[in-house]
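To start, the structure itself, in structure tokens.
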Amino acid sequence: MSVLVVIPARYASTRYPGKPLVALTGATGEAKSLIQRSWEAAAGVSGVDRVVVATDDARIRDAAQGVGAEVVMTSETCRNGTERCAEALDALGGGYDVVVNLQGDAPLTPAWFIEDLVVALDDHPVAEVATPVLRCDGRALNALLEDRSKGRVGGTTAVFGTNHEALYFSKEVIPFTPRSYAGPDPTPVFHHVGVYAYRPSALAAYARWPVGALEDLEGLEQLRFLERDVPMLCVEVEARGRQFWELNNPEDVSRIEAMMVEMNHP
């Protein structure tokens with residue numbers, strides 16, 4: 001099974017312009033750009049045939065190439081990372097069994113999240129798309145709730161059925177839970193990890209569909225699949241002592257840097 005990893009990155013983010021070039025300082029005191037850290041995360045995944053950065057911006061292209069990344073230039077009309085992945089696959093001429101979208105704002109994504117994701121999609125008889133979900137402990141859930149209480153749109157949560165096929169994703173914290181949770185306590189809330197594995201046919205179809213109503217409201221690209229009744233597999237992954245957070249807002253820089261220091265992440 002041949003696997004392509006695409007890291008879609010754009011400069012003109014609504015919430016955080018220039019985000020891929022933001023520097024993050026790790027436990028050793030070395031500052032690296034977000035796009036470099038995302039590239040390094042992808043390079044550490046086993047069983048991958050090729051990794052490319054897909055962007056429409058020369059500044060991101062130059063920064064990525066400067067650390068040895070392969071870059072595919074895509075159009076400015078891509079509305080999200082999934083559309084950019086579809087365009088990158090076309091530009092490369094196809095030929096892959098699975099395409100992984102490692103979004104360029106998730107530098108703390110462990111390699112096994114992606115490895116488990118690809119295996120799960122390959123093993124599933126129906127799903128066209130798969131994405132990881134991580135059970136929140138009290139610390140993570142409280143961080144999500146804090147973002148919402150302060151009016152920040154931060155991480156995404158996911159709910160799924162007994163077959164682990166996705167029911168819904170939201171930037172609100174779902175499902176509602178009436179009780180409080182201490183730091184290490186497991187919770188019923190799952191943090192959606194911003195990675196996707198697609199079968200190429202699903203990726204090609206996605207690029208042809210118009211933006212759906214729920215996708216537009218939530219600003220979540222994966223809802224276009226659910227609105228079209230495309231089965232999406234939620235793959236529960238294990239943290240193994242690692243913390244996970246995405247860089248969505250400027251406030252997330254210090255949060256991620258603190259996590260890297262705590263985990264001794266370089």
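- Hydrophobic clustering (side-chain heavy atoms under 4.5 Å, transitive across Ile, Leu, Val, Met, Phe, Trp, Tyr) keeps Val99 apart from Val71.
- The two residues Val261 and Ala27 have their closest heavy-atom pair at CA-CB, 4.0 Å.
- Summarising the geometry of Ala158 relative to His192, their closest heavy-atom pair is CB-CB, 4.4 Å, with the distance given to 0.1 Å.
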Val72 and Val53: side-chain contact (heavy atoms from CB on, under 4.5 Å), yes or no, with the steps? CA-CA 6 Å; Val72 176; Val53 172; over 6 Å; no

Stepwise, does the side-chain contact (heavy atoms from CB on, under 4.5 Å) test hold for Arg242 with Met259? CA-CA 9 Å; Arg242 287 280 296 270; Met259 288 180 175; over 6 Å; no

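- Considering every non-hydrogen atom in both Thr109 and Ala106, the closest pair reads OG1-O, 2.8 Å.
- Checked against the 6.0 Å centroid threshold, Phe160 and Tyr168 do not count as a close aromatic pair.
- When every heavy atom of Val153 is checked against every heavy atom of Lys171, the shortest pair comes out as CG1-CD, 3.1 Å.
- Ile60 and Pro20 get closest at one heavy-atom pair: CD1-CG, 3.7 Å.
- Put simply, Val159 and Val230 are part of the same group of oily side chains (I, L, V, M, F, W, Y) that touch within less than 4.5 Å, one to the next.
- Arg79 has its side chain out of reach of Glu215: every pair of non-hydrogen atoms, C-beta onward, lies at least 4.5 Å apart.
- With hydrogens and angles left out, the side-chain atoms of Ser170 and Glu218 include a donor and acceptor closer than 3.5 Å.
- Within the structure, the ring-ring contact (aromatic ring centres under 6.0 Å, His included) test picks out the following pairs touching residues 233-264 (sequence neighbours left out): His191-Phe244, His191-Trp245.
- A heavy-atom distance below 4.5 Å is not found between the side chains of Tyr16 and Asn249.
- Under the 4.5 Å side-chain heavy-atom criterion for ILVMFWY residues, no single connected hydrophobic cluster contains both Leu121 and Leu203.
- Taking CG of Leu117 as the reference point, atom CG of Asp122 lies at 11.5 Å (rounded to 0.5 Å).
- The structure places CE of Met73 at 9.0 Å from CZ of Arg84, a figure rounded to the nearest 0.5 Å.
- The side-chain heavy atoms of Leu24 and Met260, taken from C-beta on, include a pair separated by under 4.5 Å.
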Return all side-chain donor-acceptor pairs below 3.5 angstrom for residues 133-141, not counting sequence neighbours, or 'none' if the list is empty.
from	atom 1	to	atom 2	distance (Å)
Arg135	NH1	Thr187	O	2.9
Asp137	OD1	Arg139	N	3.2
Asp137	OD1	Ala140	N	2.8
Arg139	NH1	Glu262	OE2	3.2
Arg139	NH2	Gln243	OE1	3.4
Arg139	NH2	Glu262	OE1	3.0

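- For the pair Thr131/Gln222, no side-chain contact is recorded, criterion being any heavy-atom separation below 4.5 Å from C-beta on.
- In the hydrophobic cluster analysis, where Ile, Leu, Val, Met, Phe, Trp and Tyr join through side-chain heavy atoms closer than 4.5 angstrom, Met1 is grouped together with Val195.
- Side-chain N or O atoms of Glu227 include one that pairs as donor or acceptor with a backbone N or O of Leu214 at under 3.5 Å.
- Linking Ile, Leu, Val, Met, Phe, Trp and Tyr residues whenever their side-chain heavy atoms come within less than 4.5 Å leaves Leu92 and Val51 in two separate clusters.
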Can Glu257 and His265 be said to form a side-chain contact (heavy atoms from CB on, under 4.5 Å), step by step? CA-CA 9 Å; Glu257 288 180 331; His265 193 290; over 6 Å; no

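- With respect to the salt-bridge test (charged N to carboxylate O, under 4.0 angstrom), the residues Arg224 and Glu83 qualify.
- No salt bridge links Glu251 with Arg255; every basic N to acidic carboxylate O contact stays at or beyond 4.0 Å.
- Arg152 and Asp252 are not joined by a salt bridge, as no carboxylate oxygen comes within less than 4.0 angstrom of a charged side-chain nitrogen.
- Here CG of Asp105 is found 5.5 Å from CD of Gln103. Values are rounded to the nearest 0.5 Å.
- The minimum heavy-atom distance linking Cys234 with Phe169 is given by the pair SG-CZ, 4.0 Å.
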Please tabulate, for side-chain N and O atoms in residues 3-11, each donor-acceptor pair with protein atoms closer than 3.5 Å (sequence neighbours left out).
from	atom 1	to	atom 2	distance (Å)
Arg10	NH1	Ala12	O	3.0

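- In summary, the side chains of Glu30 and Thr25 do not present any donor paired with an acceptor at a separation below 3.5 Å, with no hydrogens or angles considered.
- Between Thr82 atom OG1 and Glu221 atom CD the span is 3.5 Å, to the nearest 0.5 Å.
- With hydrogens and angles ignored, the 3.5 Å screen pairs a side-chain donor or acceptor of Ser2 with a backbone N or O of Asp97.
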Show, in sequence, the C-alpha distance, side-chain angles and deciding distance for Asp229 and Phe225, and conclude whether the side-chain contact (heavy atoms from CB on, under 4.5 Å) test is met. CA-CA 6 Å; Asp229 295 321; Phe225 285 115; over 6 Å; no

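- Atom CD of Glu172 is separated from atom OG1 of Thr157 by 8.0 Å, given to the nearest 0.5 angstrom.
- Proximity of a side-chain donor or acceptor of Glu246 to a complementary backbone N or O of Gly194 within less than 3.5 Å is detected.
- Annotation: side chain of Asn101 is in contact with side chain of Tyr198 (closest heavy-atom distance under 4.5 Å).
- Within the 4.5 Å cutoff, the side chain of Glu128 has heavy atoms near those of the Ser201 side chain.
- Counting only distance, with no hydrogens or angles, the side chain of Ser38 and the backbone of Ile35 share no donor-acceptor pair below 3.5 Å.
- Remark: the backbone N or O of Glu238 is paired with a side-chain donor or acceptor of Trp112 at under 3.5 angstrom.
- Judged by distance alone, the side chains of Tyr96 and Arg50 do bring a donor and an acceptor atom under 3.5 Å apart.
- Two residues are said to be in side-chain contact when any heavy atoms from C-beta on lie closer than 4.5 Å; Arg199 and Val129 fail this criterion.
- Separation of atoms CZ (Phe113) and CD (Glu236) is listed at 10.5 Å; rounding is to 0.5 Å.
- Side chain of Thr74 to main chain of Ala54: no donor-acceptor pair is present (N/O by atom type, distance under 3.5 Å, no hydrogens or angles).
- The closest side-chain heavy-atom distance from Glu165 to His124 is below 4.5 Å.
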